[in-house]
Student: 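Mind having a look at this structure? Questions to follow.
Atoms within a ligand are numbered from 1 in the order they appear, just like the ligands themselves.
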Amino acid sequence: MSAIEPYLPHTRIAYLSMEIALRSEMHTYSGGLGVLAGDAVRSAADLSLPMVFVTLASRQGYLGQEIDAKGWQIDHADAWEPEDWATPLPDVMAATIEGRDVWVRPWLYEWTSSRGHKVPVILLDTHSDRNDLPDRGITHRLYGGDETYRLKQEIILGIGGEQALRSLGFAIDIYHLNEGHAALLPLALLKREAQTATTGDHDVEAVRRRCVFTTHTPVEVGHDRFDYENVTRILGDFIDADPLKALAGEDRLNMTRLALNLSDYVNGVSARHAETTRSMFPGYRIHAVTNGVHPGQWTHPAFARLFCRISPDWDVQPETLAGAVHLSDDDVWSAHLDAKDELIALVRERTGRHFGHDLPIIGFARRMTGYKRAGMLFSQWDRLTDIFRRHPFQIVMSGKAHPHDEGGRELIHDIVRRAHHAEIPVAFIPGYDLDIAKRIVAGSDIWLNTPQPPLEASGTSGMKAAFNGVLNVSTLDGWWPEGCDEGVTGWGIGPEGDYAEHAQVLYEKLERSILPLYAEDRPGWIRMMRQAIAGIGPVFNTQRMMETYAREAYRLR
Ligand SMILES: *Cc1c(COP(=O)(O)O)cnc(C)c1O
């Protein structure tokens with residue numbers, strides 16, 4: 001019996017994502033999009049949703065990061081072996097690319113929830129003897145290569161993903177396209193409809209009823225566009241050019257347009273992002289489903305033990321965390337110090353720097369890319385030093401830059417340079433991944449996020465921080481306008497104003513409110529920690545997010 005068989009009778013929903021972060025040893029993710037998809041897997045298992053998840057095997061990973069003596073990121077492949085973690089399933093003929101049949105080996109990874117429920121994740125791998133040499137590498141490197149390489153990967157994900165699910169024996173009702181990368185999937189459905197039905201419009205309606213699309217970024221480069229010449233050369237006569245242009249744009253194949261036109265349920269990932277998306281793409285009905293994080297994944301064990309006293313099911317029913325307001329000061333602080341100890345140990349092990357327990361740690365970790373404005377805290381160095389001398393603190397940062405993102409690479413260089421020379425203790429931990437993220441979001445005291453509005457679609461690391469009583473100070477963008485109660489659950493910046501004004505507000509809040517509260521009114525600080533857990537935990541979690549998708553988008557209940 002094939003390992004996939006137990007899942008076939010009840011599975012109705014397929015969720016496709018270019019990246020899914022399942023565990024740090026499996027290098028199938030680059031950042032927030034993949035971590036969100038991983039937390040969706042975990043909550044789908046908690047909720048026993050009838051789902052299967054599909055992604056690429058990415059054997060060569062996204063990028064391994066080291067920092068050279070001059071402080072520059074050196075990046076290299078970051079290989080892992082699917083055979084160490086997943087079970088091979090029979091090969092499937094996935095798609096025709098440049099006239100050649102391309103096969104995939106689907107790997108089955110099974111996620112088991114804390115209560116023992118399993119959810120299947122299929123990893124698509126073109127690394128097969130059946131394929132010509134160049135085709136074996138299509139699924140090797142996440143976000144690697146050029147436009148042609150990306151298009152081939154998206155063909156494997158969308159067209160190959162649909163074919164693989166069908167060949168394995170799944171009977172899928174609804175396909176959830178997590179970001180535009182999977183937008184070729186509805187084209188595969190359309191092609192099947194055309195083979196059985198008669199009229200065109202009817203086909204499109206039938207496909208739309210089966211597709212759900214979540215868009216994740218208002219940043220232009222986040223929306224893939226492909227030259228039709230390239231598309232025709234690679235996909236051949238898979239679909240006629242005229243109907244395709246009507247669905248995906250006249251000039252270039254725009255994956256976001258395609259997904260918008262072929263999905264019945266479309267959403268942005270926070271209220272603010274849904275609004276931005278409505279103005280970017282007028283004429284479409286765009287819902288808002290704010291992202292979340294998986295409580296069990298991101299809560300430090302010391303806090304998890306405390307939360308068990310509120311409810312033994314706090315992790316699967318995080319709304320119970322509203323009761324966190326009743327936790328005692330001593331319990332909250334000692335759980336926090338456990339998490340902080342581990343972060344201090346990690347900083348020492350990875351950077352050689354000795355951080356202390358008594359000073360607050362400001363944490364900042366995420367993909368290093370321009371709109372996240374990682375350098376804002378350092379933008380007026382004298383001002384920061386001045387604040388430091390009165391209210392000392394420590395800074396820990398981590399994050400990778402895409403190899404083509406010069407701005408991101410410069411940011412890392414600047415941070416590492418500061419880390420070497422500063423009077424202020426600054427540590428940069430190389431190789432940001434799920435494990436490092438867990439330690440930083442739990443062990444910091446203050447979680448900093450300074451994206452440029454309205455470019456942060458949601459952001460999730462601040463939610464992870466809140467589950468550990470770490471207080472957010474962030475631009476009011478993405479999820480934060482929904483989570484921020486000023487001075488109660490954290491602090492907000494903007495969203496109006498330019499870079500310099502945001503930096504000004506950040507320095508003022510650090511100097512006048514945040515650092516003095518930490519140093520001079522510890523009970524007041526701990527009260528805010530409790531309020532952050534109780535105010536943010538019950539809402540910004542993937543149980544609530546997946547229940548919303550199940551009800552509104554999958555029409556399951
Ligand atoms: C949560 C997470 C992110 C997303 O961080 P944001 O601040 O939401 O951009 C990125 N990478 C890793 C490894 C994470 O765990």
Student: Among all the protein's non-hydrogen atoms, which is closest to atom 12 (C) of ligand 1, and how far away is it?
Tutor: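 For atom 12 (C) of ligand 1, the nearest protein heavy atom comes out as Tyr432 CE2, 3.5 Å.
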Student: Check each atom of ligand 1 against the heavy atoms of Lys464 and keep those under 4.0 Å away; list them by number with element.
Tutor: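 Listed by number with element, the hits are 1 (C), 2 (C), 3 (C), 14 (C), 15 (O).
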Student: Which of the numbered atoms in ligand 1 are below 4.0 angstrom from a heavy atom of Ala437?
Tutor: 15 (O)
Student: Quick one: sort the Tyr518 and Trp525 rings into parallel, tilted or perpendicular, breaks at 30° and 60°.
Tutor: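 Taking Trp525 first and then Tyr518, their aromatic rings stand perpendicular (interplane angle over 60°).
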Student: Does Asn449 have a heavy atom less than 4.0 Å from any atom of ligand 1?
Tutor: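 Contact check Asn449 vs ligand 1: negative.
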Student: Between Asp125 and Arg59, does at least one N-O distance fall below 4.0 Å, as a salt bridge requires?
Tutor: yes
Student: Specify the protein heavy atom at minimum distance from atom 8 (O) of ligand 1: its residue, its atom name, and the distance to 0.1 Å.
Tutor: Thr460 N, 2.6 Å
Student: Applying a 4.0 Å heavy-atom criterion (strictly less than), which segment of Phe364 is in contact with ligand 1: side chain, backbone, both, or neither?
Tutor: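 Under 4.0 Å from ligand 1, Phe364 contributes no heavy atoms.
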Student: Can you tell me if Lys372 contacts ligand 1 (heavy atom of the residue under 4.0 Å from the ligand)?
Tutor: yes
Student: Is Arg42 close enough and on-axis enough to Trp111, meaning under 6.0 Å and within 45°, for cation-pi?
Tutor: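 Here Arg42 passes the 6.0 Å and 45° test against Trp111.
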Student: Is any side-chain N of the basic residue among Asp46 and Arg115 closer than 4.0 Å to the acidic one's carboxylate O?
Tutor: no
Student: For Trp381, does the six-membered ring have the charged nitrogen or CZ of Arg418 within the cation-pi criterion, i.e. under 6.0 angstrom from the centroid and within 45° of the normal?
Tutor: yes
Student: Counting non-hydrogen protein atoms only, what is the nearest one to atom 4 (C) of ligand 1? Give residue, atom name and distance.
Tutor: Gly32 CA, 3.5 Å
Student: Check each atom of ligand 1 against the heavy atoms of Gly459 and keep those under 4.0 Å away; list them by number with element.
Tutor: 8 (O)
Student: Are Arg383 and Glu511 ion-paired here, with the side-chain N under 4.0 Å from a carboxylate O?
Tutor: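 So Arg383 pairs with Glu511 through a salt bridge.
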Student: Quick one: look up the protein heavy atom nearest atom 6 (P) of ligand 1 and list residue, atom name and how far away it is.
Tutor: Ser461 OG, 3.6 Å
Student: Trp447 near ligand 1, heavy-atom distance under 4.0 Å?
Tutor: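 For ligand 1, residue contact (heavy atoms, under 4.0 Å) with Trp447 is absent.
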Student: Atoms of ligand 1 less than 4.0 Å from Trp298 heavy atoms?
Tutor: 15 (O)
Student: Angle between ring planes, Trp314 versus Phe307, binned at 30° and 60°: parallel, tilted or perpendicular?
Tutor: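 Perpendicular.
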Student: Could you tell me which atoms of ligand 1, counted from 1 in the order shown, lie closer than 4.0 angstrom to a heavy atom of Gly31?
Tutor: 10 (C), 11 (N)
